[in-house]
Amino acid sequence: MQQISDITPLREIRRQWQLEGKTIAFVPTMGNLHQGHLHLVEQAKQHADIVVTSIFVNPLQFGPDEDLDSYPRTMEQDKASLAELGVDVLFTPHAADIYSRGLEKQTFVEVPGLSYMICGASRPGHFRGVATIVCKLFNMVQPNMAFFGEKDFQQLQVIKAMVTDLSMNLQIFGVPTVREKDGLAMSSRNHYLSEEERQLAPSLYQSLQYLQHAVENGRRDFSVLLNQAKKQLSDSGFNVDYIEIRSVDTLLSPGHEETELVILAAAFLGKTRLIDNIQVRL
Ligand code: PAF
């Protein structure tokens, strides 16, 4: 595996691959890789000749009171995992190159609507930061396809909308969430949980499963169900940010006829914000 931090050699190798007629899959990450990320890489390898992964902790997607400084950075370990999986290039750009004119002057990409609801309402500017960095990385790597986890379901929908709206020439794949044995969705932020919080954490997924089961079995009193789930989570120690039943494509409240739903939740355990979701097909 080759590690590249500058854009010029990345473009050079990209040009070479193109001359050789190779297809390129891209897996952007912020590092601190877990099985969920590695599964994205495995999927990418199955679909393309070349796999490029990036590690860049993107300051533009963190709010002023969020965990940018403490976000776990485990570069050596990440490199070893990616090399073992046969990643061709690890792109590790420097913030000074990515945002060379400074964060304040940075041109940004904003996907309206989808970016402002649910997680976007709690984290203003977050999806603008995500869309901007993903757009920039796509411009640098120029992949034929890119892979994102469904755990960040809203992020995946924002990116798909950006690709459509800006007529970008690549395919986006969503990959199902990888979970711990007890159901907790894998996330770099799980490391922040204390032992006691870690024991409680799977209840978030259990609540989603309960709601999924209820809706699949015909319950349509969504607000009653959601209030029950919220109370159950609060009683067991979560500080619930939101728990919502939405339409898969638009993430808006579903109409009566809608058959593809997603139940999304975000909740704090102590200082750790956990997110998860589950899809419901009627
Ligand atoms: O999902 C993530 O790790 C990040 O939001 C991403 C897509 C790499 C952009 O920084």
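What's counted below: heavy atoms across the whole structure, side chains too, no hydrogens, waters or symmetry copies.
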Peer 1: Quick one: does Asn190's side chain get under 4.5 Å of His34's, heavy atoms only?
Peer 2: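 No, side chains not in contact.
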Peer 1: Is there a donor in the side chain of Asn58 and an acceptor in the side chain of Tyr99, or the other way round, less than 3.5 Å apart?
Peer 2: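 Note: Asn58 and Tyr99 side chains meet the donor-acceptor criterion.
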Peer 1: Below 4.5 Å, heavy atoms only, C-beta onward: do Leu261 and Leu282 meet side chain to side chain?
Peer 2: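 They are in contact (side-chain heavy atoms under 4.5 Å apart), so the answer is yes.
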Peer 1: On a heavy-atom basis, which atom in Pro143 and which in Leu170 lie closest, and how many Å separate them?
Peer 2: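 Nearest heavy atoms, Pro143 then Leu170: O-CB, 3.5 Å.
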Peer 1: At their closest point, which heavy atom of Leu225 faces which heavy atom of Val215, and how far apart are they?
Peer 2: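 Of all heavy-atom pairs spanning Leu225 and Val215, the closest is CD1-CG2, 4.1 Å.
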Peer 1: What do you reckon, is CD of Glu216 surrounded by more than 12 foreign heavy atoms closer than 6.0 Å?
Peer 2: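 Buried by this count: over 12 neighbours within 6.0 Å.
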Peer 1: Check the pair Met30, Gln61 against side chain to side chain contact (heavy atoms under 4.5 Å, CB included), reporting the backbone distance first and the verdict last.
Peer 2: CA-CA 11 Å; Met30 297 206 299; Gln61 71 188 73; 3.8 Å; yes
Peer 1: To the nearest 0.5 Å, what is the distance between OH (Tyr116) and NE2 (His126)?
Peer 2: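 It comes to 14.0 Å.
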Peer 1: Salt-bridged, Asp182 to Arg198, with N to O below 4.0 Å?
Peer 2: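 Salt bridge between Asp182 and Arg198, a charged N being under 4.0 Å from a carboxylate O: yes.
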Peer 1: Out of Lys151, Arg179, Arg189, which residue meets the salt bridge (charged side-chain N to carboxylate O under 4.0 Å, His left out) rule with Asp276?
Peer 2: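 Filter result, single survivor: Arg179.
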Peer 1: Output yes when a side-chain donor or acceptor of Arg73 lies under 3.5 Å from a complementary backbone atom of Tyr71, and no otherwise.
Peer 2: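 Yes.
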Peer 1: Indicate whether any N or O donor in one side chain lies under 3.5 Å from an N or O acceptor in the other, for Thr92 and Gln3.
Peer 2: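 Result is yes, a qualifying pair exists.
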Peer 1: Is Glu12 paired with Arg15 through a side-chain N to carboxylate O contact shorter than 4.0 Å?
Peer 2: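 Judged by the 4.0 Å cut-off on N to carboxylate O distance, Arg15 and Glu12 do form a salt bridge.
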Peer 1: Could you tell me which non-hydrogen atom of Phe91 sits nearest to which non-hydrogen atom of Asp6, and how far apart they are?
Peer 2: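 That closest heavy-atom pairing would be CE1-O, 4.1 Å.
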Peer 1: Heavy-atom distance under 4.5 Å between the side chains of Ile278 and Tyr205, does that happen here?
Peer 2: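 Side chain of Ile278 against side chain of Tyr205, heavy atoms only: contact under 4.5 Å found.
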Peer 1: Looking at side-chain heavy atoms only, is the closest gap between Cys119 and Gln155 below 4.5 Å?
Peer 2: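 A side-chain contact is absent here, since even the closest heavy-atom pair is not under 4.5 Å.
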Peer 1: Please answer: with hydrophobic residues joined when any side-chain heavy atoms are less than 4.5 Å apart, are Phe238 and Tyr210 in the same cluster?
Peer 2: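 Same cluster: Phe238 reaches Tyr210 through Ile, Leu, Val, Met, Phe, Trp or Tyr contacts under 4.5 Å.
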Peer 1: What's the separation between atom CG in Asp235 and atom OG in Ser203, rounded to the nearest 0.5 Å?
Peer 2: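 Reported value, rounded in 0.5 Å steps: 11.5 Å.
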Peer 1: Closest heavy-atom contact between Ala161 and Val111?
Peer 2: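 So the two residues come closest at CB-CG1, 3.7 Å.
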Peer 1: Take atom CG of Asn139 as the centre, draw a 6.0 Å sphere, and report whether it contains more than 12 heavy atoms from other residues, nucleotides or ligands.
Peer 2: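 Count over threshold, so yes.
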Peer 1: Is there a path of hydrophobic side-chain contacts, each under 4.5 Å between heavy atoms, that joins Phe148 and Ile24?
Peer 2: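 Linked within one cluster.
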Peer 1: Do Leu38 and Val178 sit in the same hydrophobic cluster, where Ile, Leu, Val, Met, Phe, Trp and Tyr count as joined when their side-chain heavy atoms come under 4.5 Å apart?
Peer 2: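 Result: no, two separate clusters.
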Peer 1: CZ of Arg11 to CD of Gln18: how many Å apart, nearest 0.5 Å?
Peer 2: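 Going from CZ on Arg11 over to CD on Gln18, the span is 12.5 Å.
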Peer 1: In the single-linkage hydrophobic clustering (I, L, V, M, F, W, Y; side-chain heavy atoms under 4.5 Å), do Ile159 and Leu114 co-cluster?
Peer 2: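 Yes, Ile159 and Leu114 fall within the same hydrophobic cluster.
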Peer 1: Taking all non-hydrogen atoms of both residues, which atom of Thr23 and which atom of Ala48 are closest, and how far apart?
Peer 2: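 Closest approach of Thr23 to Ala48: OG1-CA, 3.4 Å.
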Peer 1: Between Phe62 and Asp67, is any pair of side-chain heavy atoms under 4.5 Å apart?
Peer 2: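 Yes; the side chains approach each other to less than 4.5 Å.
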Peer 1: What verdict does the side chain to side chain contact (heavy atoms under 4.5 Å, CB included) test give for Val158 and Val130, after you've listed the backbone C-alpha separation in whole Å, the side-chain angles of each residue and the deciding distance to 0.1 Å?
Peer 2: CA-CA 9 Å; Val158 166; Val130 170; 5.7 Å; no
Peer 1: Is a side-chain N or O of Ser115 found less than 3.5 angstrom from the main chain of Pro112, in a donor-acceptor match?
Peer 2: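 Flag not set: sc Ser115 to bb Pro112 has no pair under 3.5 Å.
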Peer 1: Side-chain contact test, heavy atoms from C-beta onward, threshold under 4.5 Å: evaluate it for Ser188 versus His37 and give yes or no.
Peer 2: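 Yes, close enough: below the 4.5 Å cut-off.
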Peer 1: Are Met140 and Ile98 close enough, and set up right, to give a side chain to side chain contact (heavy atoms under 4.5 Å, CB included), and what steps lead you there?
Peer 2: CA-CA 10 Å; Met140 290 179 236; Ile98 290 280; 3.4 Å; yes
Peer 1: Would you mind reporting whether Ile263 and Phe222 have side-chain heavy atoms less than 4.5 Å apart?
Peer 2: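 Contact flag for Phe222/Ile263 side chains = no.
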Peer 1: Between Lys79 and Glu76, is there a salt bridge with N-O shorter than 4.0 Å?
Peer 2: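 Judged by the 4.0 Å cut-off on N to carboxylate O distance, Glu76 and Lys79 do form a salt bridge.
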Peer 1: Between Ile118 and Phe153, is any pair of side-chain heavy atoms under 4.5 Å apart?
Peer 2: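 No, their side chains stay 4.5 Å or more apart.
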Peer 1: Can you name the one residue among Gln154, Gln157, Met117 that meets side chain to side chain contact (heavy atoms under 4.5 Å, CB included) with Arg246?
Peer 2: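 So the option named by the test is Met117.
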Peer 1: How far apart are the C-alpha atoms of Lys160 and Asp249, what are their side-chain angles, what is the distance that settles it, and do they pass the salt bridge (Lys or Arg N to Asp or Glu O under 4.0 Å) test?
Peer 2: CA-CA 10 Å; Lys160 282 183 178 170; Asp249 292 327; over 6 Å; no
Peer 1: Would a distance-only check, ignoring hydrogens and angles, find a side-chain to backbone donor-acceptor pair under 3.5 Å from Thr132 to Val109?
Peer 2: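 Present.
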Peer 1: Does Glu110 offer a backbone N or O that forms a donor-acceptor pair with the side chain of Arg128 under 3.5 Å?
Peer 2: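 Judged by distance alone, no pair lies under 3.5 Å.
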Peer 1: Which heavy-atom pair separates Pro254 from Ile245 by the least distance, and what is that distance?
Peer 2: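 Heavy atoms only, the tightest pair is CD-O, 3.3 Å.
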Peer 1: Does CD belonging to Glu84 count more than 12 external heavy atoms closer than 6.0 Å?
Peer 2: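 No, CD of Glu84 has 12 or fewer neighbouring heavy atoms, counting only those of other groups under 6.0 Å.
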Peer 1: Measuring from atom CG of Leu193 to atom CG of Leu274, what distance do you get when rounded to the nearest 0.5 angstrom?
Peer 2: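 So the gap between those two atoms works out to 5.5 Å.
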Peer 1: Checking Thr29 side chain against Ser54 main chain: does a donor-acceptor pair fall under 3.5 Å?
Peer 2: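 At least one qualifying donor-acceptor pair exists.
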Peer 1: Rounded at 0.5 Å granularity, tell me how far CD1 in Ile172 sits from CZ in Phe147.
Peer 2: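 The CD1 atom of Ile172 sits 9.5 Å away from the CZ atom of Phe147.
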Peer 1: Could you state whether Leu103 and Phe56 fall into the same hydrophobic cluster, counting links through intermediate Ile, Leu, Val, Met, Phe, Trp or Tyr residues with side-chain heavy atoms under 4.5 angstrom apart?
Peer 2: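 Yes, one cluster joins them.
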Peer 1: I'd like to know if the side chain of Asn32 reaches the main chain of Thr74, judged simply by a donor and an acceptor atom lying under 3.5 Å from each other, with no hydrogens or angles considered.
Peer 2: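 Not at all, since once roles are kept as given, no pair shorter than 3.5 Å links the two residues.
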Peer 1: Working to the nearest 0.5 angstrom, can you tell me the gap between Glu244 CD and Leu211 CG?
Peer 2: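 With rounding to 0.5 Å, CD (Glu244) is 11.0 Å from CG (Leu211).
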Peer 1: If you count every heavy atom of other residues, nucleotides or ligands that lies below 6.0 Å from His213 atom NE2, does the total exceed 12?
Peer 2: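 Check fails, neighbour count at 12 or below.
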Peer 1: Apply side chain to side chain contact (heavy atoms under 4.5 Å, CB included) to His39 and Met186, showing your working.
Peer 2: CA-CA 11 Å; His39 186 53; Met186 289 201 183; over 6 Å; no
